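Just the heavy atoms: all of them, side chains too, but no hydrogens, waters or symmetry mates, feed the values below. Everything quoted here is computed from the prediction, not taken from an experiment.
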Amino acid sequence: MTDWIIQTISELGYLGIFLVMLAESIFPPIPSELIIPFAGFAAANGDLNLFGVLAAATIGAVVGMLPWYFAGRLFGLERVRYLADRFGRVMAFNADEIDLAVGWFKRFGPIIVLFGRLIPLIRTLISIPAGLSRMSLPVFLLASTSGALIWNTILTLAGYILHEHYEVIEVVLDPLSYIVLGLVVVLYLLKVATWKPSKSKV
């Protein structure tokens, strides 16, 4: 995957960055921790413009989030609530907990989306509850763009400063992805073990 990312960016430039970041937002296993630092390294070499890298990476990331957002919006909250009580132990949440989560998301959704974009794995999945809670598209785009721009700026500057040692960033940040994944699995198993049906009727 590393060779494919480097080859795509080297051959296609800004379009390559856009396409790889688009794929990264749709498929979480593709690591932005390698994509953006390499683009920053290319900017340091004079092959790309620093602001062009940031623009291509951020636009690609935001466009890639939209399918998940619309999937949540089109599937709908009522279907999720129904499934939560019908297959709740597998989903690990009941309808009451879904309502509670959506309530929090309606109150603090933009902040959750913004900071969620800074966390591996979560940055892709956060688009689904945004759609389920019917967050307005302009607000979702603003929060997503802000979060993606912050993350991309950090990684681009790191690759720009570290220059040919940009791979160090992936070595440092890659374990974070596994930690987040491990926490998600542990929390899921705990929820499955302690799941109870909702008190309300669906």
Ser25 and Ala61 have their tightest heavy-atom pair at OG-O, 2.8 Å
Shortest non-hydrogen pair, Ser127 vs Trp68, comes out as CB-CB, 3.6 Å
The reported gap from CG in Leu155 to CZ in Phe38 (rounded to nearest 0.5 angstrom) is 14.5 Å
When you group the ILVMFWY residues by side-chain heavy-atom contacts below 4.5 Å and let the links chain together, are Leu12 and Val63 in the same group? yes
Exercise for the section: Identify whether Leu132 and Ile26 are in the same connected component of the hydrophobic contact network (ILVMFWY, side-chain heavy atoms under 4.5 Å). Expected result: yes
The reported gap from OG1 in Thr153 to CG in Leu149 (rounded to nearest 0.5 angstrom) is 4.0 Å
Contacts of Tyr14 meeting side chain to side chain donor-acceptor pair (under 3.5 Å) (sequence neighbours excluded), chain-then-number -> none
Taken to the nearest 0.5 Å, the spacing of Ser144 OG from Leu114 CG works out to 8.5 Å
In this structure, CG of Asp99 is separated from CG of Leu77 (nearest 0.5 Å) by 6.0 Å
query: Looking only at atom types and distance, does a side-chain atom of Asn152 sit under 3.5 Å from a main-chain N or O of Ala148, one as donor and one as acceptor?
result: yes
Value for CG (Leu50) from OG1 (Thr156), rounded to nearest 0.5 Å, stands at 6.5 Å
Across all chains, not counting sequence neighbours, the side chain to side chain contact (heavy atoms under 4.5 Å, CB included) partners of Phe105 are Ile112, Val113, Ile126, Pro129, Ala130, Ser133, Met135
Could you go step by step and tell me if Phe41 and Asp47 meet the side chain to side chain contact (heavy atoms under 4.5 Å, CB included) rule?
CA-CA 9 Å; Phe41 161 67; Asp47 300 323; over 6 Å; no
In terms of heavy-atom contacts, Thr145 and Leu141 come closest through OG1-O, 2.6 Å
Looking at Tyr69, is its backbone amide N or carbonyl O close enough to the side chain of Arg73 to form a donor-acceptor pair, meaning the two atoms are under 3.5 Å apart? no
Shortest non-hydrogen pair, Ala57 vs Ile36, comes out as CB-CD1, 3.4 Å
Please assess Leu66 against Phe140 for the test side chain to side chain contact (heavy atoms under 4.5 Å, CB included), listing each intermediate value before the final yes or no. CA-CA 9 Å; Leu66 290 175; Phe140 173 75; 4.1 Å; yes
Are Tyr160 and Ile9 co-members of a hydrophobic cluster defined by side-chain heavy atoms under 4.5 Å apart? no
ask   = Do Ile59 and Leu142 share a hydrophobic cluster, counting only Ile, Leu, Val, Met, Phe, Trp and Tyr and linking them when any side-chain heavy atoms are less than 4.5 Å apart?
value = no
Sorted by chain and number, sequence neighbours left out, side chain to side chain contact (heavy atoms under 4.5 Å, CB included) with Ala39 holds for Ile17, Val53
Between Gly147 and Leu118, the two heavy atoms sitting closest are O-CD2, 3.5 Å
Got a donor-acceptor contact below 3.5 angstrom from the Asn49 side chain to the Phe51 backbone? yes
Is there a side-chain contact between Leu137 and Phe70 in this structure, where contact means two heavy atoms from C-beta onward sitting under 4.5 Å apart? yes
